[in-house]
Every structure is written in C-alpha cells, then in structure tokens.
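What you see is a predicted model, and the numbers here were worked out from it, not measured in a lab. Just so it is clear: chains get the letters A, B, ... in the order the sequence lines come, proteins before strands, and each one is counted from 1.
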Amino acid sequence: MSVPEPRYASPFGDWDGSTAAARELQQVLAAQVRLEDDFGPLKLIAGVDVGFEEGGAITRAAVVLLDANTLEPVAQSLARIPTSMPYVPGLLSFRELPAVLQALEALPQVPDMIFSDGQGIAHPRRLGIAAHLGVVTGLPTIGVAKKILTGRHEELALNRGAQVDLLDKSGDVIGTVLRSKDKVRPLIVSPGNRVSLASAPRLVMDYVTRYRLPEPTRLADRLASRRDRQATDQPQLF
DNA sequence: GCGACAG
DNA sequence: ATCTTGTCGC
C-alpha cells in the first residue's frame with residue numbers, strides 16, 4: 001500500500017502561533033499572489049465554506065466539486081477538527097484553513113478553480129482566506145464574501161450584474177462590489193490567486209443561477225451550515 | 001484616542 | 001459563524 005501523497009502545502013510554515021507573526025506571514029504570502037489570469041478551460045470547479053459546531057469548539061469545512069458546465073455536484077467532502085483559534089478580523093484563514101485543506105485532500109480530484117467564502121485580496125494585507133488558499137494550493141481561487149472587510153466604493157445600481165470597484169485608502173482597486181440578483185445585497189468579489197481583478201466578477205456571474213450566491217459557494221455553504229443534518233463524514237461521489 | 005471589523 | 005419562527009415583500 002502506498003502512502004497518500006499530500007496534494008497541498010502546509011498553510012502556515014513555521015508560524016509560532018502569535019497574531020503578530022500571523023500578520024507578518026500574511027505579508028510574505030501576499031507577495032506570492034499572482035493577479036494574472038492563469039487557468040485553462042474550467043471543467044471542475046469547487047466551492048468551500050466553513051461552519052462551526054459545539055458552540056464553536058468544532059470547525060467544520062465543506063467542499064463541493066461541481067461540473068463547470070452543468071453546475072451539477074460531482075463530489076463533496078466534509079472535515080471536522082477542533083477549533084484552534086478564535087475569530088480575529090483579518091486573520092480568518094488561520095482559523096479556517098486547516099479544516100478546509102483537510103476537506104480538499106479528501107476529494108477524489110483536484111479542481112481547476114476554487115471559489116471560497118470570504119475575501120481574496122480585498123484584505124488589509126492583501127491576503128484574505130481565498131488568497132491564502134490560492135497560494136498554499138497553487139490553484140486559481142476567487143473570494144466571494146457577503147460583506148466588506150476593508151475598502152470603499154461608489155453607489156451601486158440595483159439590477160443584476162451591476163458592479164463597481166472596491167478601492168482601498170490609496171485608491172487602488174482591490175475587488176468588485178457585485179449585484180448578483182436584482183435588489184439583493186451585493187457580493188464582494190476579489191481575486192485569490194491566478195485570476196485577474198477584471199475576470200473575477202465575470203467568473204462569479206458565470207455560476208450564479210437563481211440565488212444570490214454562485215453555485216459553488218452556495219452548495220458548500222449549505223453543507224457547512226448546521227442546518228444540513230444529512231452531512232456525512234465520508235467523501236461522497238455523485 | 002475612536003471607529004471598523006470576512007466568518 | 002451561531003442562537004431561532006414566523007412573516008413581509010418581490
């Protein structure tokens with residue numbers, strides 16, 4: 001029997017556990033983010049999200065693999081591990097990535113692109129969870145958040161597809177505020193890795209159907225949330 | 001010093 | 001994120 005080979009690198013290197021070191025590591029990793037489109041035809045895409053159980057003691061990561069053309073789920077996996085860090089704004093990836101990577105490892109295939117709940121580069125140090133995930137996996141990633149962490153923007157039209165740039169204090173574009181449906185609260189979309197600022201919102205709209213969230217994130221959200229009691233611990237194939 | 005603050 | 005039922009509006 002062969003030993004299962006880890007598909008992805010360790011997310012924190014030799015991090016000592018301090019929040020100060022976490023912020024320094026973010027700056028190092030942010031320098032490795034690539035914002036040029038660098039992906040082939042998308043056949044398999046993935047959505048990831050994280051939820052909590054036992055009052056927060058258990059971190060529960062969900063990953064759903066879908067056929068990029070039919071948007072039908074192809075496989076899914078769930079990882080439950082003890083929560084190791086509290087929620088600290090700006091340090092979300094240190095709390096959630098270990099479980100996310102474990103769930104990704106359990107998948108039967110490697111996705112061509114990952115859509116993650118949370119920010120990509122629209123982050124104080126340009127390393128939201130989607131960007132961090134992109135750097136450690138080497139895969140193309142996009143952050144799809146429901147709220148702004150940092151940045152400002154102009155008013156946004158109410159129609160589906162309306163979008164405006166999200167700017168940091170210096171005026172640099174760090175993401176897109178995107179209305180995925182008429183009159184719903186906009187999504188905050190930003191590249192994680194190997195995707196450009198302009199392409200990210202287009203790719204998200206490619207996978208939006210009748211809901212506010214694009215299918216990859218929506219399905220992962222449903223699986224990670226505690227309302228899904230059918231969730232199995234073993235990876236599922238469809 | 002004060003306000004903001006993904007999930 | 002999570003605790004939680006019904007209800008208002010498109």
To the nearest angstrom, how far is [X] atom [atom1] from [N] atom [atom2]?
{"X": "A:R210", "N": "C:dC10", "atom1": "CZ", "atom2": "P", "answer": "18 Å"}
{"X": "A:F52", "N": "C:dC3", "atom1": "CZ", "atom2": "P", "answer": "12 Å"}
{"X": "A:K169", "N": "B:dG3", "atom1": "NZ", "atom2": "P", "answer": "15 Å"}
{"X": "A:L187", "N": "B:dG7", "atom1": "CG", "atom2": "P", "answer": "10 Å"}
{"X": "A:L158", "N": "C:dG9", "atom1": "CG", "atom2": "P", "answer": "18 Å"}
{"X": "A:M85", "N": "B:dG7", "atom1": "CE", "atom2": "P", "answer": "16 Å"}
{"X": "A:I174", "N": "B:dC5", "atom1": "CD1", "atom2": "P", "answer": "13 Å"}
{"X": "A:L133", "N": "B:dG7", "atom1": "CG", "atom2": "C1'", "answer": "15 Å"}

Which part of the nucleic acid, if any, lies within reach of [X] when heavy atoms closer than 4.0 Å are counted: base, sugar-phosphate only, or nothing?
{"X": "A:G143", "answer": "nothing"}
{"X": "A:I148", "answer": "sugar-phosphate"}
{"X": "A:G51", "answer": "sugar-phosphate"}
{"X": "A:L91", "answer": "base"}
{"X": "A:D49", "answer": "sugar-phosphate"}

message: Does the structure place the NZ or CZ of A:R218 under 6.0 Å from the centre of the six-membered ring of A:F115, at an angle of no more than 45° from the ring's axis?
response: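 The answer is no; the distance or angle limit is not met.
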- prompt: Does a nitrogen or oxygen in the side chain of A:K146 sit under 4.0 Å from OP1 or OP2 of C:dA1?
  reply: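 So the side-chain polar atoms of A:K146 do come within 4.0 Å of the phosphate oxygens OP1 or OP2 of C:dA1, strictly under.
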query: Under the 5.5 Å and 30° test, is A:Y87 stacked on the base of C:dA1?
result: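 No, A:Y87 does not stack on the base of C:dA1, since the centre distance and plane angle fail the 5.5 Å and 30° test.
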message: Tell me whether A:I129 shares a hydrophobic cluster with A:V135, the cluster being built from Ile, Leu, Val, Met, Phe, Trp, Tyr side chains joined at under 4.5 Å.
response: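 Yes, A:I129 and A:V135 fall within the same hydrophobic cluster.
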field: Donor-acceptor pair, side chain of A:N193 and main chain of A:R34, under 3.5 angstrom
entry: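 Yes, A:N193 side chain to A:R34 backbone: donor-acceptor pair under 3.5 Å.
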- prompt: Donor-acceptor pair, A:Q76 side chain versus A:A62 backbone, under 3.5 Å?
  reply: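 Looks like no, no N/O pair under 3.5 Å.
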field: Mutual orientation of the aromatic rings belonging to A:F12 and A:H132 [parallel < 30°, tilted 30-60°, perpendicular > 60°]
entry: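 Because their plane-to-plane angle is over 60°, the rings of A:F12 and A:H132 count as perpendicular.
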